[in-house]
**Q** 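Submitted below is the structure of interest, expressed as structure tokens.
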Amino acid sequence: MTTNATAAQAGDSAVLKKAPDLVEVTLANPHTHQRKPYAKGDKLKVTTAQRATLIARGIAAGSQEV
């Protein structure tokens, strides 16, 4: 039999493990992401914070607007 406390804990852990939302960027220059090399023009899925950093450093094409 499952108690309410156990069911609540299981539900809480599922919420905490939600994957971050990812956005697609197109590389303006060659780049290594997660130890894998990518060429100019390749597309990557990254977090919005990573996207902003890549754009600010001139690695990804586009504007910083999301």
Side-chain angles (χ1 to χ4, degrees):
M1 181 171 147
T2 303
T3 64
N4 287 342
T6 304
Q9 290 172 353
D12 290 343
S13 65
V15 172
L16 296 175
K17 294 181 181 180
K18 180 183 179 271
D21 292 332
L22 300 177
V23 295
E24 189 173 86
V25 295
T26 302
L27 296 178
N29 292 299
H31 178 64
T32 300
H33 180 72
Q34 296 181 342
R35 297 184 178 143
K36 183 177 175 189
Y38 291 90
K40 177 180 178 178
D42 285 351
K43 295 183 184 225
L44 297 177
K45 291 205 177 212
V46 297
T47 65
T48 53
Q50 289 170 323
R51 178 182 183 266
T53 300
L54 291 171
I55 291 170
R57 292 183 177 177
I59 297 166
S63 66
Q64 287 187 315
E65 297 176 17
V66 176

**Q** Roughly how far, to the nearest 0.5 Å, is the CD1 atom of Ile59 from the OG1 atom of Thr53?
**A**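 These two atoms lie 9.0 Å from each other.
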**Q** Determine which pairs satisfy side-chain hydrogen bond (donor to acceptor under 3.5 Å, both in side chains) with at least one residue from residues 20-39, sequence neighbours left out, and list them in order.
**A**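 Listed once each, the pairs would be none.
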**Q** Looking at side-chain heavy atoms only, is the closest gap between Leu22 and Val46 below 4.5 Å?
**A**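 The answer is no; the side chains never approach within 4.5 Å.
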**Q** Which atom pair, heavy atoms only, marks the closest approach of Ala28 to Gly58?
**A**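 It is CB-O, 4.0 Å.
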